[in-house]
Amino acid sequence: MIKMKMLSKEKLQDIYQNAYLTRKFEEATIDLFSKGEIEGWLHSGVGQELVGSVVCTLLQEGDYIIPYHRSKSYFLARGVDPGRILAEIMGRKDGLCGGVGGEAHIADISKGLIGSSGIIGAGIPIALGTAFKNDYEDSTNITICSFGDGSVPQGAFHESLNLAATWNLPIVFICENNLYAELSPISKGMKQQDIGKRAEGYGIPGCIVDGYDVEEVHKTLETAVSRARKGEGPTLIECKTYRWRGHYEGDPEVYRTKEEVESWVAKDPLKRMEEGLLSFTPQEELLQMKTVCEEKIKEAVTFAKSSPYPDEKFLVENVYAEDFLHKGDLTWHK
Ligand SMILES: Cc1ncc(C[n+]2csc(CCOP(=O)(O)OP(=O)(O)O)c2C)c(N)n1
């Protein structure tokens, strides 16, 4: 039996519950996508539920999160209604962004969740803005900036880390390195594949952690969050993790082997946490926790499916279309 001595029962339960809720949420979206109920793309975060579930247990009201396109765990852990996230993914009126954002552009500003973006790396400079605000106001609030390894070779990453370090901004940069950027292994995109080591070049602390080890992830993030809150500046944390599904649903995955995927599935952090939880939680309590999550997701699916599509007029509001603005003519795009 695995003993998790570094985490209290309550903390481990909190993390597990959110990671399990996220897993069920992701499975529900995959199912809906396979039935043709989700239009466009779906980028599943199955296998990457842990990091967001851990970091959100360390946050306070007023903190900002810049999520990335696989960050559903961050939304759920901040108490965002799964029905409204799902409605957004399904392009429905009750979605968090009225159904016009879709799966890659979800935001809930009321909970500090600045939107994710389909433009890789685009969230990183935005973190400087929210962190600068916190710093300027002398607040203890911080910014969590999450992104994939695909952002790292970009100019936005380098410029943002350089400035965040120079200005000592209260940010925790979390790179969820799932070893692939789209369909390319990271070896095709960078020579130095230990992303945490890059911190040294910016003069800030950098850590590399096993993103499937809940205790290690918690310990590292706790130190970085506390450093940022105390005004000691940013930290770069690389969590080695893995996405179990293809880059998108339907990806033929010719760039990796079944054995590689299976080796990561065998290390499932949720299973490890379950074993840890059973050392101080009766089996019935664990089952009850799972049932609560499963019920929430069932309700979310019912809610999202029953939500109407947005009005045609709303779809083109906030879109720059001169003809439409002048003439109110909806045929411009046909
Ligand atoms: C600026 C930009 N370049 C290229 C793309 C195409 N693209 C979509 S996802 C992706 C890779 C993303 O990899 P990573 O950031 O590691 O996240 P992952 O999907 O692996 O979780 C790329 C290159 C894009 N969306 N934006």
Side-chain angles (χ1 to χ4, degrees), residues 19 22-23 25-26 29-30 33 38 40-55 65-76 85 89 101-107 113-128 144-161 172-198 208-212 217 236-257 260-261 264-265 269:
T22 310
R23 173 77 52 91
F25 180 90
E26 297 281 9
T29 57
I30 293 167
F33 187 86
I38 295 176
W41 300 92
L42 186 68
H43 298 84
S44 157
V46 176
Q48 289 185 227
E49 302 90 348
L50 185 64
V51 176
S53 302
V54 172
V55 75
I65 299 176
I66 317 292
Y68 98 111
H69 58 274
R70 293 190 207 276
S71 298
K72 304 299 176 294
S73 61
Y74 294 72
F75 282 84
L76 293 166
I85 309 174
I89 294 173
E103 64 129 7
H105 305 102
I106 306 182
L113 282 143
I114 309 297
S116 53
S117 172
I119 304 300
I120 300 305
I124 310 179
I126 294 171
L128 300 189
I144 301 297
C145 179
S146 149
F147 50 91
D149 45 284
S151 293
V152 173
Q154 298 210 33
F157 170 87
H158 167 65
E159 292 177 38
S160 302
L161 268 87
V172 180
F173 292 104
I174 304 176
C175 177
E176 294 204 24
N177 179 1
N178 61 17
L179 315 184
Y180 292 87
E182 209 168 24
L183 317 179
S184 310
I186 64 164
S187 57
K188 301 255 179 197
M190 58 187 89
K191 187 99 171 168
Q192 175 50 271
Q193 292 154 34
D194 281 335
I195 292 160
K197 286 185 181 166
R198 290 164 194 255
I208 300 172
V209 298
D210 172 355
Y212 274 16
V217 171
L236 171 63
I237 298 172
E238 175 192 0
C239 298
K240 306 264 192 205
T241 183
Y242 202 75
R243 61 166 163 75
W244 295 5
R245 309 284 301 180
H247 173 68
Y248 56 91
E249 284 306 296
D251 174 1
E253 297 178 61
V254 292
Y255 49 85
R256 63 183 189 180
T257 62
E260 183 184 291
V261 180
W264 281 88
V265 173

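Just so you know, these numbers come straight off a predicted model, no measurement behind them. Every number for a ligand or one of its atoms is a count from 1 in the order of the listing.
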Legend entry - Heavy-atom check, side chain of His247 versus side chain of Tyr180, under 4.5 Å: no

Legend entry - Protein contact of atom 15 (O) of ligand 1 - nearest heavy atom, named by residue and atom, plus distance: Gly150 N, 3.2 Å

Inset, instruction - Answer yes or no for Glu176: is there a heavy-atom contact with ligand 1 below 4.0 Å? - result: no

Legend entry - Heavy-atom check, side chain of Cys239 versus side chain of Ile174, under 4.5 Å: yes

Inset, instruction - Using a distance threshold of 4.0 Å (strictly less than), state whether atom 11 (C) of ligand 1 has a protein heavy-atom neighbour. - result: yes

Inset, instruction - Determine whether Phe147 and Val152 make a side-chain contact, defined as any pair of heavy atoms from C-beta on separated by less than 4.5 Å. - result: yes

Inset, instruction - Run the numbers for me: atoms of ligand 1, each under 4.0 Å from some heavy atom of Ile119, listed by number. - result: 1 (C), 26 (N)

Legend entry - Proximal atoms of ligand 1 relative to Gly118 (non-hydrogen, under 4.0 Å): 24 (C), 25 (N), 26 (N)

Legend entry - Interfacing atoms of ligand 1 (cut-off 4.0 Å, heavy-atom, His69): 17 (O), 18 (P), 19 (O), 21 (O)

Legend entry - Phe173 side chain reached by Ile124 side chain, heavy atoms, under 4.5 Å: yes

Legend entry - Nearest neighbour in protein (non-hydrogen) for atom 5 (C) of ligand 1: Ile120 CG1, 4.0 Å

Legend entry - Electrostatic pair Lys240-Asp149, nearest N-O below 4.0 angstrom: no

Inset, instruction - To the nearest 0.5 Å, tell me how far Leu42 CG sits from Glu249 CD. - result: 5.5 Å

Inset, instruction - May I ask you to list the atoms of ligand 1 that are less than 4.0 angstrom from any heavy atom of Gly148? - result: 14 (P), 15 (O), 16 (O)

Legend entry - For His247, atoms of ligand 1 separated by under 4.0 Å from a heavy atom: 9 (S), 19 (O)

Inset, instruction - Using a strict cut-off of 4.0 Å, indicate which atoms of ligand 1 neighbour a heavy atom of Tyr180. - result: 16 (O), 20 (O)

Inset, instruction - Report the nearest protein non-hydrogen atom to atom 22 (C) of ligand 1: residue, atom name, distance rounded to 0.1 Å. - result: Glu182 OE1, 3.5 Å

Inset, instruction - Would you mind reporting whether Tyr242 and Val261 have side-chain heavy atoms less than 4.5 Å apart? - result: yes

Inset, instruction - Using a strict cut-off of 4.0 Å, indicate which atoms of ligand 1 neighbour a heavy atom of Asp149. - result: 16 (O)

Legend entry - N/O separation below 3.5 Å, Arg243 to ligand 1: no

Inset, instruction - Check whether any N or O atom of Gln48, backbone or side chain, sits under 3.5 Å from an N or O atom of ligand 1, and answer yes or no. - result: no

Inset, instruction - Measure the shortest side-chain to side-chain distance between Leu236 and Phe157 over non-hydrogen atoms and say whether it is less than 4.5 angstrom. - result: yes

Legend entry - Side chain to side chain, Lys197 and Gln192, heavy atoms closer than 4.5 Å: yes

Legend entry - Closest to atom 17 (O) of ligand 1 (judged by heavy-atom distance), picking from Tyr68, Trp41, Phe147: Tyr68

Legend entry - Enumerated ligand 1 atoms positioned under 4.0 Å from heavy atoms of Ser151: 15 (O)

Inset, instruction - Nearest 0.5 Å please: distance from the OG atom of Ser73 over to the CD atom of Glu176. - result: 6.5 Å

Legend entry - Test item: Asp251 and Arg245 side chains (from C-beta on) under 4.5 Å apart, heavy atoms: no

Legend entry - Nearest neighbour in protein (non-hydrogen) for atom 13 (O) of ligand 1: Ala181 CA, 3.4 Å

